[in-house]
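Contents: one structure, followed by commentary.
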Amino acid sequence: MTASPSSTEATSMRTRLCGSLRVEDVGAAVTLCGWVAKRRDHGEHLAFVDLRDHTGIVQCVVPGTVDVRSEYVIAVEGVVRPRPDGTANAELPTGEVEVGECVVTVLNPAEPPPFAVADRVEVDEVVRLKHRFVDLRRPSMQANLRLRATVNRALRAAMDRQGFVEVETPLLWAPTPEGAREFTVPSRLSPGACYVLPQSPQLAKQLLMVAGVDRYFQIARCLRDEDLRADRQFEFSQLDLEASFAGQEDVLEFVSEAVLDAAEAVTGVRPTDIPRMTWAEALDRYGTDKPDLRFGMELIDLTAVFEGTGVKAFGAASVKAIVLQDGAGLSRSRLDGITDRAKQLGAKGLAWFRVTADPGTGGDDPALALDSPLDRFLSDQERAGLLSATGASAGDLVLVVADEYRLACTVLGQLRVELGGRPVGEGPYRYVWVVDFPMFDGFDEAGNPVPAHHPFTMPHPEDLDRLESDPASVRSQAYDLVLNGWELGSGSVRIHRADIQSRVFSVLGIGEEEAQARFGFLLGAFRFGAPPHAGFAVGLDRLVAIFAGEDNIREVIAFPKTQSGADPMTGAPKPLAPGVLAGLGLQLIPSKG
Ligand code: ASP
């Protein structure tokens with residue numbers, strides 16, 4: 001069979017792919033290329049070579065001996081035949097056939113690999129990254145890269161269908177307002193001056209709106225010099241978009257369409273519409289702006305139960321609880337550990353109550369009792385109130401934090417995830433839009449409010465008149481998309497009017513001069529006809545990691561950095577040669593110690 005050159009399988013060197021052979025191909029003469037996964041000799045007359053390419057493994061039978069070892073690159077010519085009776089391998093999709101009478105050509109010998117190319121092999125992260133080119137040969141990594149390409153393709157198609165234009169924005173740029181530390185690139189032609197690698201195309205895409213592009217998107221690379229975590233790398237990709245003459249509802253619609261398309265492309269099932277929740281509700285019920293809706297364990301308010309209480313520990317503005325089902329069996333030392341964790345998260349303390357069946361009451365429906373060092377301080381009414389408000393049953397554990405409202409919520413929200421949560425990539429997929437974020441998130445050292453999103457975010461129209469008098473109460477037109485407890489992305493309606501922008505800058509403590517110095521080019525452009533506009537960015541690495549069932553975005557990035565920001569393969573970051581520094585007009589200050 002000669003495959004046509006346009007076939008996705010055939011090239012000038014091969015006719016088929018290893019993983020594609022099936023019983024239907026029996027009798028076909030094939031030429032395959034790939035890497036030796038395994039070689040087994042049966043005496044001098046027969047050798048078995050498992051040949052691997054990105055589609056899978058097929059067994060090749062060579063009459064005589066063959067001088068190949070693991071990871072040699074070879075071409076095999078032979079004829080597809082059924083495996084002898086009783087030797088089919090149910091674990092391989094190609095397991096019913098083999099390629100017989102093989103002639104092997106070594107295309108390139110290889111040194112023994114640093115680790116076996118198989119999914120179930122545990123390998124140290126640094127070793128994997130140092131030999132990423134071998135690591136990526138593992139079937140799961142191949143699948144992840146291809147899944148990522150599928151997601152990209154679906155997102156692009158959805159944006160295209162919705163009338164968005166793909167525009168590339170510069171990587172050498174000026175500071176942007178996301179608030180993260182930036183990577184700087186010294187300029188050779190202007191010694192002493194630097195470019196900044198963009199934290200996002202935020203300002204560029206807003207300029208594209210002024211430019212009349214109307215609907216922009218880009219699968220953009222963003223760079224932020226921040227500590228790395230399971231869901232954060234220095235460089236990451238996002239589906240970045242912006243639309244003119246559009247508001248929050250439009251953007252939620254555009255993004256939902258793209259993300260649901262991507263989900264459908266990888267899972268075959270289109271999730272139902274994405275529910276919505278206000279930021280205030282998310283905080284109240286889940287103690288976070290990234291609620292994981294795959295499980296309940298919602299926060300319960302006990303403030304009314306303990307109003308005017310004599311229990312000192314509960315004399316706080318807010319008393320909140322969560323119930324850990326069947327948690328009463330946790331040991332005392334485990335409970336101490338959870339208490340320490342609550343303190344580490346900022347709580348003054350944590351009260352726990354094991355719910356037990358009252359031994360005195362007996363019968364089919366015994367009354368409930370509490371087992372806790374605090375129990376003897378509770379009034380009967382408080383004990384009954386706690387049980388009825390939490391709905392806890394015998395065998396459950398109730399955890400209570402009494403504190404300032406937001407702190408009580410966030411501490412329990414975190415404990416909820418740590419005690420009841422599941423790995424992020426584990427189904428089902430539960431999306432939620434979180435809307436009506438506060439405009440500001442606390443205050444900086446100078447006492448100025450800190451923008452919760454970025455300073456170009458439009459305040460909620462109903463709250464605009466309180467911008468100066470009570471900034472903490474002002475909501476913004478910012479929204480996040482959350483999936484399984486991970487923030488997938490955020491966006492906002494932008495300020496397009498100079499008067500509102502200068503009010504926001506002034507509340508933020510950014511004077512006219514500073515605003516001009518930092519964002520003058522944008523503010524200047526806005527004087528030349530800025531349409532109302534709004535946008536969003538979806539974190540691609542996170543989205544793909546969840547679809548791939550991975551807890552760390554490194555698993556879906558071809559060449560990621562380690563936790564300490566290094567690339568063990570290239571050795572980056574590396575010191576620069578003195579000549580290079582001098583050419584940039586730079587000199588190193590010797591580091592202390
Ligand atoms: N620039 C924002 C970000 O990268 C997203 C947006 O507001 O469009 O988080």
Side-chain angles (χ1 to χ4, degrees), residues 155 159 162 164 166-171 173-183 196-210 213-226 231-244 246-256 258-259 279 289-290 433-441 450-460 475-483 486-496 501 504 518-519 522 530-543 553:
L155 294 175
M159 297 315 289
Q162 299 183 96
F164 283 75
E166 186 166 0
V167 182
E168 287 153 279
T169 54
L171 276 181
W173 190 243
T176 40
E178 247 78 41
R181 194 178 300 121
E182 291 158 322
F183 284 100
V196 157
L197 300 179
Q199 301 183 39
S200 83
Q202 183 61 39
L203 300 189
K205 66 177 171 177
Q206 292 194 244
L207 290 167
L208 287 173
M209 295 302 101
V210 185
V213 170
D214 196 71
R215 292 184 187 184
Y216 139 94
F217 89 98
Q218 179 180 198
I219 295 194
R221 194 62 70 83
C222 305
L223 298 112
R224 300 183 189 180
D225 189 0
E226 293 188 311
D231 62 353
R232 199 192 272 161
Q233 283 271 316
F234 286 151
E235 43 187 311
F236 58 91
S237 301
Q238 60 188 26
L239 168 69
D240 194 51
L241 59 114
E242 196 75 16
S244 290
Q248 175 168 313
E249 289 308 313
D250 304 295
V251 174
L252 264 48
E253 188 60 34
F254 296 140
V255 176
S256 299
V259 169
W279 176 88
D289 54 9
K290 303 183 255 299
W433 282 109
V434 179
V435 298
D436 290 352
F437 267 71
M439 182 81 185
F440 306 105
D441 191 7
V450 178
H453 192 46
H454 51 60
F456 304 106
T457 299
M458 185 72 103
H460 199 290
R475 292 165 297 166
S476 68
Q477 294 187 63
Y479 32 81
D480 273 8
L481 179 60
V482 175
L483 172 55
W486 268 11
E487 178 195 319
L488 270 194
S490 36
S492 60
V493 175
R494 326 295 185 187
I495 300 171
H496 64 282
Q501 187 66 70
V504 170
R518 284 173 65 189
F519 321 115
L522 182 75
H533 57 287
F536 199 79
V538 183
L540 211 59
D541 309 275
R542 293 181 184 179
L543 181 64
I553 61 170

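All residue numbers in this chain count up from 1 along the given sequence. When a ligand or atom number is given, it counts from 1 through the structure's own listing order. Everything quoted here is computed from the prediction, not taken from an experiment.
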Q238: numbered ligand 1 atoms lying under 4.0 Å from its heavy atoms: 4 (O)
Atoms of ligand 1, numbered as shown, that sit under 4.0 Å from any heavy atom of H454: 7 (O)
Per-atom contacts of ligand 1 with A537, taking only distances under 4.0 Å to non-hydrogen atoms: 5 (C), 8 (O)
Which of the ligand 1 atoms, numbered from 1, are nearer than 4.0 Å to a heavy atom of F536: 8 (O)
Distance filter under 4.0 Å to S200 heavy atoms, resulting ligand 1 atoms: 1 (N), 4 (O)
Numbered atoms and elements of ligand 1 in range of S490, under 4.0 angstrom, heavy atoms: 5 (C), 6 (C), 7 (O), 8 (O), 9 (O)
Proximity to ligand 1 by part of R494, non-hydrogen separation under 4.0 Å: side chain
Check: S492 N/O within less than 3.5 Å of ligand 1 N/O: no
Ring centres under 6.0 angstrom apart (F254, F536): no
Side-chain donor/acceptor of R494 to backbone N/O of H533, under 3.5 Å: no
Heavy-atom closest pair, residues T457 and A478: CG2-CB, 4.0 Å
Interfacing atoms of ligand 1 (cut-off 4.0 Å, heavy-atom, H453): 6 (C), 7 (O)
Atom pair CE (M439) and CD (Q477), whose distance is rounded to the nearest 0.5 Å: 9.5 Å
Proximity to ligand 1 by part of Q199, non-hydrogen separation under 4.0 Å: neither
E226 CD to F183 CZ distance, which is reported to the nearest 0.5 Å: 9.5 Å
Expected output: side-chain Q501 to main-chain P455 donor-acceptor under 3.5 Å: yes
Separation between CZ of R215 and CE of M159, rounded to the nearest 0.5 Å: 9.0 Å
R224 and ligand 1 - part of the residue with a heavy-atom distance under 4.0 Å: side chain
Residue pair Q206 / E242, side-chain donor-acceptor N/O under 3.5 Å: no
Q202 neighbourhood, listing ligand 1 atoms whose heavy-atom distance to it stays under 4.0 Å: 1 (N), 2 (C), 5 (C), 6 (C), 7 (O), 8 (O)
Test of proximity, K205 against ligand 1: N or O pairs below 3.5 Å: yes
Side-chain donor-acceptor contact under 3.5 Å, T169 with Q218: yes
